[in-house]
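Quick caveat, the model's predicted, so the values are computed rather than measured.
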Amino acid sequence: MAFTALMVVAAAPLNPAADRTCAAAKGHLDVGSLDRAKKLYESVKPADDERNCAVEGLQFVAAARQAAAEKVTDGQQLIRSGDLNGAEQMFRAALMLDAASKGAAAGIARVADLESRPLPTAASNWDRFYGDWVLPVGRLVLFSAIGLLVLGALAGLSSWFWVKVGSVAWPTGVRRIAKGVGLSLLVGAAIMTPLFAMFNPFTPTWMQCWIAALVIFVIGLVAGWLVWWGTRQSRFWDWRALLVSLGFVVVAAIVILMAPIAPETRLMAAHIALALIGLLLTSAAFGQNLRLQVEVQQPDGNVNAAATDYLLARMKGLGTETPKVLDRATSALATSPLSKIPTEELSVLPAGHFVGALSRLFYALRPDLTWRARVTLVDDNRVATAISRNGRHAESAVFSRMELGLPLDTDQDRARAQMLTGAAAFVLLHLSEVHQELKEDLCGASKWKSVALQVIAKSSSLLEDENRNERRVDILHRATDEDPGNVLARFEYLWAGYANILHEETNFALFARTLDNEYERSGLSEKPAEETGWVPLRIRVLYSSTTQWLNAYVAAWDEGTHVDTYLQNAKISVDELYRLCSASWDRKQLQRQAETMLPFAVNLLRCIDALKGVYLYRVPKKHSHEGSDPSPKLTYDHACLHMFLADLRSLPRKIRKQQRDQALEDLQFALVTDDDRKDAATDPCFRKLRSDERFRRLVHAQPPQEFLDLSAFVEHRTELQEAGVTTAGEVVRRTHTTQLQTQLAIYLKVSVVRIQQMRDVALLAQVHEDLGDPQMLHLILSAGITSREALRELARRDENELLLLVQTRAAKEHLTSLEGVQNPQPWLTAAKRKRHSRRC
């Protein structure tokens, strides 16, 4: 022990006066009167032989106090363990060393109290546990929590000073490291302050000061590296206040730790320095959060809860609403959100004056709430938007429907929703300038007006039903003009324009080539896999490109030409589509979208194989989607595959009929809306089904536009065109004799009876020039009249019945404006004659 060692150290020679004083002090030291011994030792004057005996005596006194304190601590431990005798001995030994030890006296009294009790009880054990552990630990936790809350509030309130409103946020990883280091230092400061005051766990020494200096130096280097690494994407000079403050704290702390002052003071300075470094790092990290609070106000200042919720939803999923998911021009993949702000990063200010006031106070002290957006509805056509960062104004804008170029809308709710969509786009684009990770999902957009117009154009709820398609094209045109770099707006403009063109008037090859050129020119084909925000758009474009090349190939096939280049281009697009859809993506939403589109890519690959003929030997007997649960859009695509297989003459007739029936079954499930039926009626994939009554009922078929569109000829349209048989006169001429009928039957691979039916229809068309109109002839045929003899017989027997049949069919198919319906007498008169002139 230190005390024993000091007692045996040889004393230096003393003068008589000092010797007497030290001897007297030694006597008091021996009996435990440490205070009297200390006074006597301190009374030795400096001139008395350099106070040698007094210096050693004071060391003896300090050693005795320390030894007594250690014995008191040992005695308390023995009490906790239940050894009361050993504890009493320790306390009495402590009194022998320091007769004035209050801890030893209290310990003896505690032992006497415990010995007076016959046995320890649950209550006494709990009292001891509560006094020894619960109470001190509770106080430690309470004061640590209070300290941490105070430090956190200071970090939040001071972030406006360290982070400029236009400073680009550090990369996410750097921010997390800075926040982790800063919070660790704050937690350490909040815990160590009451811990050191309550328990005094260690005695400050020179070694601890050196360690503290080294820790501060290392943390200072880490903080400097974080600032340097985080500012690579922004102006380094924006962070000068943070750098100067960090450098000052680190240098000042190290200087104080090296100064010749008391170790307690130096360690206190180190403690304060670490807390300040943690405060600076935490404040800088919190000041760069993406946390956003939105609020929509009425002109009178009251919060509009419904409008606030709408704006909040727009901020989360801007761009997710599409006019219809089953869009033939794009894909089954719904438009991905332009914003990937996580839900937990968004909040609103509660409505109500009292609750709102409390919430404002609470949010003002929240260190992690960085951005606030306030939108004021001036009226249904004007909006004022202000954005603040860390309590400082960042950006504001006032805009109206007229400035956006939106058409007049009498629906006030829809007009207000359009303005809130513009406000959401404004806020999002400003956030993307600071948080670079948001730019990826914007698909190249850099101007908020372009994004607002694009979202409004593609949202069904934001446009009137009347002339919606024309309005959509016009708005997308202005969105592209506003920001040519908005790649998504450019493609949406192409798709919207294409959607307004009828299938029969569309140049599929030209449109597919336009998509491919734009895909290359916009750089989508070169985007790396890491830029996942572009993947949904790439999938949509590749799907659209593949389907349009296939349509172009089928259309060319109908015209009697085979362009293998179209299939090759389709194969290039679908291979890339399959690669993107079969890849594994980290983002859950993107992974779900890719999994949704993978069956579409697989089906397109099968379609190309079928058109090439390599699929012939593995044609399934059942549906290609047997055992799965495909969507209506995927079922529609499966129907296309079945029809491609049904068109292959090299397949057995039974299999071809089976594929045709399966296509009709698929279409019965897939054709849900009038637009779907309209698309299917003119889709090149189903050209061979147009004469099928089941298909016509499914699609509510439109009347034929050309003679070969009639049900008697449409199935063999391509072959007849190749043979030059395109009019009623040609059909009559090519079937004038039995030999000619047999030759045509062999050519078309049908029976002679079928050829005779074609001839009857052609002769019927020659009865009168009004019946030469394919639509008028279609009405006669749909009324059950398939030959001129049947027409003559019904016209002679009951003219009114015939007119009623024709007029009923005309009204049902909206063909009442035809000349033959408006003025039927000319063709009725011609039908009653015995002979009919042959007209070509």
Side-chain angles (χ1 to χ4, degrees), residues 294 296-299 304 306-324 327 335 337-339 373-387 395-430 442-500:
V294 297
V296 180
Q297 292 183 343
Q298 299 284 14
N304 189 324
T308 300
D309 291 340
Y310 184 86
L311 179 61
L312 189 72
R314 277 297 185 196
M315 289 304 307
K316 171 60 183 173
L318 191 67
T320 53
E321 185 185 3
T322 57
K324 62 174 182 176
D327 194 335
T335 304
L338 300 173
S339 168
R374 176 178 295 174
V375 179
T376 302
L377 298 171
V378 181
D379 53 38
D380 293 334
N381 294 311
R382 289 176 295 175
V383 161
T385 305
I387 307 173
E395 191 64 63
S396 59
V398 178
F399 56 92
S400 64
R401 291 170 48 80
M402 287 67 76
E403 291 179 79
L404 289 178
L406 294 173
L408 181 64
D409 198 326
T410 56
D411 190 324
Q412 295 182 351
D413 293 333
R414 185 163 51 229
R416 188 181 302 114
Q418 291 175 347
M419 291 294 93
L420 290 175
T421 300
F426 172 75
V427 174
L428 176 61
L429 264 293
H430 183 77
L442 290 173
C443 297
S446 59
K447 296 182 180 180
W448 69 269
K449 288 185 179 180
S450 176
V451 174
L453 290 171
Q454 171 200 325
V455 174
I456 291 172
K458 294 300 292 181
S459 298
S460 298
S461 63
L462 297 181
L463 287 179
E464 289 182 327
D465 292 336
E466 185 178 358
N467 299 324
R468 177 182 293 170
N469 292 336
E470 290 76 8
R471 290 171 182 257
R472 177 173 293 122
V473 174
D474 179 61
I475 295 175
L476 287 171
H477 181 275
R478 280 185 281 110
T480 307
D481 282 341
E482 183 74 29
D483 185 3
N486 188 344
V487 179
L488 179 56
R490 296 178 67 87
F491 278 105
E492 294 287 10
Y493 173 61
L494 290 175
W495 284 319
Y498 161 74
N500 289 338

Inset, instruction - Indicate the ring-plane relationship of His430 and Phe426, choosing parallel, tilted or perpendicular according to the 30° and 60° boundaries. - result: parallel

Legend entry - Within-4.5 Å side-chain heavy-atom neighbours: Leu420 and Val375: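 In short, these two side chains touch, coming nearer than 4.5 Å.
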
Inset, instruction - Please tell me if the side chains of Thr421 and Leu311 come closer than 4.5 Å, counting only heavy atoms from C-beta onward. - result: no

From [X] atom [atom1] to [Y] atom [atom2], the distance as rounded to the nearest 0.5 Å:
X: Thr308; Y: Leu312; atom1: OG1; atom2: CG; answer: 8.5 Å
X: Leu377; Y: Met419; atom1: CG; atom2: CE; answer: 10.0 Å
X: Asp413; Y: Leu462; atom1: CG; atom2: CG; answer: 11.5 Å
X: Asp483; Y: Lys449; atom1: CG; atom2: NZ; answer: 12.5 Å
X: Glu492; Y: Thr480; atom1: CD; atom2: OG1; answer: 9.5 Å
X: Tyr493; Y: Leu453; atom1: OH; atom2: CG; answer: 14.0 Å

Can you name the closest pair of heavy atoms from [X] and [Y] and give their distance?
X: Ala496; Y: Leu476; answer: CB-CD1, 3.6 Å
X: Val378; Y: Ala384; answer: CG2-N, 4.2 Å
X: Val383; Y: Ala423; answer: CG1-CB, 4.4 Å
X: Val427; Y: Ile387; answer: CA-CD1, 3.8 Å

Legend entry - Exam field: side chain Arg314 to backbone Ala425, donor-acceptor pair closer than 3.5 Å: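 No, the answer is negative, given that no donor and acceptor are paired below the 3.5 Å cut-off.
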
Legend entry - Main-chain N/O of Gly405 paired with Arg478 side-chain donor or acceptor, under 3.5 Å: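 Pair found, side chain donor or acceptor close to backbone of Gly405.
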
Inset, instruction - Please determine which of Arg401, Met402, Glu403 meets the side-chain contact (heavy atoms from CB on, under 4.5 Å) test together with Phe399. - result: Glu403

Inset, instruction - Using the side-chain contact (heavy atoms from CB on, under 4.5 Å) rule, pick out the option among Leu442, Leu428, Leu429, Thr385 that qualifies with Trp448. - result: Leu429

Legend entry - Distance-only polar pair, side chains of Gln454 and Asn486, donor-acceptor under 3.5 Å: yes

Inset, instruction - For atom CZ of Arg382, decide whether the heavy atoms of other residues, nucleotides or ligands shown that lie under 6.0 angstrom number more than 12. - result: no

